[in-house]
Amino acid sequence: MNCRAKKITIDIERWFQESARVFPWRESCTPWGRLVCEFMAQQTQIERVASRWPLMMDRFPTPESLAVSDMEDILELWQGLGYYRRAKHLKQTSEMIIDVFGGEVPCEVESLLQLPGVGRYTAGAVASIAFNKRASIVDANVHRVVCRIENKNDVSVPCNWSWEQATELVLSCTFPNVFNEALMELGATVCTPKSPSCDWCPISDKCNAFAENTQNEVLQAKSSLSRKRLHHYAVVLTCKGRRAFEKRDDHGLWAGMWQVPTLESSKKLPKAQIAEGLHLKGNLTFAGSFEHTLTHRIINFTVYTCEVGLDNRFAWHTSDTLDSMPLSSAQRKVLAVHCAV
DNA sequence: AATACGTGGTA
DNA sequence: TTACCAAGTAT
């Protein structure tokens with residue numbers, strides 16, 4: 001047993017007992033609740049998950065309750081959270097829990113990894129935090145913390161190196177369910193990417209970066225991959241107080257979410273070409289425009305309005321029935337532009 | 001191995 | 001205003 005690792009885990013566990021933030025799942029949480037939490041937390045800041053998780057648990061308290069629900073109902077609760085394929089994966093996972101695992105969330109990493117949308121991190125998090133298994137986890141927080149502990153500043157520290165470090169730590173700790181959450185929390189609140197709070201860090205005396213005063217050196221110079229620029233032409237069709245909506249494809253961007261009729265293009269298009277592309281007859285009126293930035297895209301939205309007759313290619317909604325339809329944040333912006341006219 | 005996949009907060 | 005960043009996974 002590595003003596004230094006043991007000391008580090010003791011300090012971090014003790015610090016967490018005193019300094020843990022309050023989150024709803026820390027009151028009480030079933031393994032299913034933990035699994036839902038981890039899905040929501042993938043690439044999403046945990047503070048944002050905290051406000052949404054209770055609603056999700058109210059509506060889908062068990063794997064069964066989610067497995068029998070429509071995708072629409074799940075996406076409705078997922079609105080604004082982003083990475084909407086997670087909602088699909090969560091449904092598939094709930095179905096597999098019912099069909100393959102007898103309705104119980106599996107407790108072993110190997111079993112958890114069979115679930116759609118569950119990778120190395122999520123499997124380790126559920127096994128350790130929900131079942132107190134000695135499974136390691138590495139997220140962005142843990143990666144940063146273990147790199148600083150060993151003073152690895154270079155960008156190219158392989159992911160697997162961090163997993164080895166995390167594994168050594170969890171094998172040394174007292175309570176895996178406490179320690180893994182504590183390690184992430186330390187990264188999120190103390191050992192932050194910029195200006196880490198080393199003065200308050202429970203393991204600063206065991207941290208090689210702190211000893212060398214390199215904790216402020218850039219850890220991850222992530223190559224800023226250039227975003228492709230796209231143009232989305234959104235047309236708010238109105239008819240007797242109703243607006244037209246269509247459901248996006250089940251794959252790709254905003255999969256399964258609803259939108260006003262939209263023409264997507266890699267280059268700018270003249271107005272006439274938009275009406276033609278969408279097979280619309282009326283006159284388009286410009287309503288406004290905005291940029292919507294994603295991780296890998298910059299989408300230039302141009303919003304038009306058009307009064308038309310009923311068209312059964314679309315679903316027609318009044319403002320009252322709008323809430324029951326899952327919309328991306330970009331679509332909320334489109335509707336806001338339309339309302340502002 | 002590299003890319004797709006969202007969003008909103010912060011500096 | 002731009003850039004960075006987040007309790008990652010699938011293909």
Side-chain angles (χ1 to χ4, degrees), chain A residues 16 20-21 23 25-26 29 34-53 75 78-90 92-93 112-130 135-145 156 158-159 162-163 166 177 179-189 191-196 218-228 230 232 248-257 259 290-299 301 326-333:
Chain A
F16 187 65
R21 290 173 292 179
F23 289 125
W25 50 86
R26 288 183 180 168
C29 187
R34 171 52 62 175
L35 184 59
V36 172
C37 177
E38 295 303 343
F39 266 85
M40 299 177 81
Q42 289 166 6
Q43 283 289 283
T44 303
Q45 279 162 344
I46 202 66
E47 307 269 11
R48 301 196 53 218
V49 177
S51 59
R52 304 286 218 106
W53 181 80
L75 282 175
W78 210 275
Q79 286 181 87
L81 265 183
Y83 287 144
Y84 298 99
R85 74 171 64 158
R86 292 180 294 173
K88 187 159 115 185
H89 287 151
L90 185 59
Q92 293 171 338
T93 277
L112 286 159
L113 282 173
Q114 297 174 33
L115 300 169
V118 174
R120 210 172 173 185
Y121 162 79
T122 303
V126 172
S128 62
I129 300 172
S136 53
I137 57 174
V138 174
D139 71 335
N141 293 307
V142 173
H143 179 69
R144 183 170 58 253
V145 172
S156 56
C159 186
S162 292
W163 277 93
N177 57 346
F179 174 73
N180 274 347
E181 245 192 316
L183 186 56
M184 289 191 289
E185 185 110 339
L186 185 68
T189 62
C191 193
T192 48
K194 291 166 186 168
S195 315
V218 178
L219 198 63
Q220 288 284 66
K222 268 182 189 164
S223 58
S224 57
L225 64 149
S226 63
R227 298 181 168 97
K228 283 179 198 162
L230 296 175
H232 283 203
R248 290 183 63 88
D249 193 84
D250 285 332
H251 300 285
L253 188 63
W254 297 312
M257 305 291 281
Q259 66 180 16
F290 61 89
E291 263 186 10
H292 190 79
T293 304
L294 292 73
T295 310
H296 59 307
R297 299 273 184 274
I298 299 174
I299 303 179
F301 272 89
L327 298 173
S328 69
S329 291
Q331 282 303 303
R332 297 281 173 201
K333 291 186 197 172

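Residue numbering restarts at 1 for every chain, and letters A, B, ... go by the order of the sequence lines. Below, all heavy atoms of this structure are taken into account, side chains as well, without hydrogens, waters or symmetry copies.
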Using nucleotides 7-11 of chain B, report all nitrogen or oxygen pairs with the protein that are shorter than 3.5 Å.
from	atom 1	to	atom 2	distance (Å)
dT7(B)	OP1	Tyr84(A)	OH	2.8
dT7(B)	OP1	Ser329(A)	N	2.8
dT7(B)	OP2	Trp254(A)	NE1	3.1
dT7(B)	OP2	His292(A)	NE2	2.7
dT7(B)	O3'	Ser329(A)	OG	3.3
dG8(B)	OP1	Ser329(A)	OG	3.3

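Judged by distance alone, the side chains of Gln79(A) and Arg332(A) do bring a donor and an acceptor atom under 3.5 Å apart.
Take Arg248(A) and apply the side chain to side chain contact (heavy atoms under 4.5 Å, CB included) test, not counting sequence neighbours, and it matches Leu253(A), Trp254(A), Gln259(A), Glu264(A). Residues meeting the salt bridge (Lys or Arg N to Asp or Glu O under 4.0 Å) test with Arg34(A), sequence neighbours left out: Glu38(A), Glu181(A). Residues satisfying the ring pair (Phe, Tyr, Trp, His ring centres under 6.0 Å) test with Phe16(A), not counting sequence neighbours, are none. For Trp163(A), there are no ring pair (Phe, Tyr, Trp, His ring centres under 6.0 Å) partners at least two apart in sequence or on another chain. For Gln331(A), there are no side-chain hydrogen bond (donor to acceptor under 3.5 Å, both in side chains) partners two or more places apart in sequence or in a different chain.
Side-chain contact between Ser328(A) and Tyr84(A) is present, with at least one heavy-atom pair separated by less than 4.5 Å. Leu35(A) places a side-chain heavy atom less than 4.5 Å from the side chain of Val118(A).
Heavy atoms of Leu253(A) sit under 4.0 angstrom from primed sugar atoms or phosphate atoms, though from no base atom. At the heavy-atom level, Arg52(A) lies nowhere under 4.0 Å from the strands shown. Among the heavy atoms of the strands lying under 4.0 Å from Ala140(A) are primed sugar atoms or P, OP1, OP2 only; no base atom is included. Note on Val49(A): nothing from the nucleic acid sits closer than 4.0 angstrom, heavy atoms only. Backbone-only contact: Gly252(A) has heavy atoms under 4.0 Å from sugar-phosphate atoms and none from a base.
Using a 4.0 Å cut-off, some side-chain N or O of Arg144(A) falls inside it from OP1 or OP2 of dA6(C). OP1 and OP2 of dT3(B) both lie 4.0 Å or more from every side-chain N or O belonging to His296(A).
The CD atom of Gln42(A) sits 13 Å away from the P atom of dG6(B) (whole-angstrom rounding). If you take CD1 of Ile46(A) and C1' of dC5(C), they are 15 Å apart, rounded to a whole angstrom. For the pair His232(A) NE2 and dG6(B) P, the computed distance is 12 Å after rounding to whole Å. Here the P atom of nucleotide dT1(C) and the CZ atom of Phe290(A) are 15 Å apart, to the nearest Å. The NE2-P distance, from His143(A) to dG8(C), rounds to 12 Å in whole Å. Between the P atom of dT9(C) and the CG atom of Leu112(A) lies a distance of 11 Å, rounded to the nearest Å. The separation between Phe16(A) atom CZ and dA7(C) atom P is 13 Å, rounded to whole Å. Rounded to whole Å, atom C1' of dA10(C) lies 6 Å from atom NE2 of His89(A).
Using C1' as the reference atom, dG8(B) and dT1(C) are 16 Å apart when rounded to the nearest Å. Rounded to the nearest Å, the gap between the P atom of dC5(B) and that of dC5(C) is 22 Å. Rounded to whole Å, the separation between the C1' atoms of dG6(B) and dC4(C) comes to 15 Å. dT3(B) and dA7(C) have their C1' atoms separated by 22 Å, with the value rounded to a whole Å.
Comparing Gly117(A) and Arg26(A) along DNA chain C, the residue whose closest nucleotide (by nearest heavy atom) sits nearer the 5' end is Arg26(A). Checking Leu115(A) against Asn141(A), the closest nucleotide of DNA chain C that is more toward the 5' end is the one next to Asn141(A).
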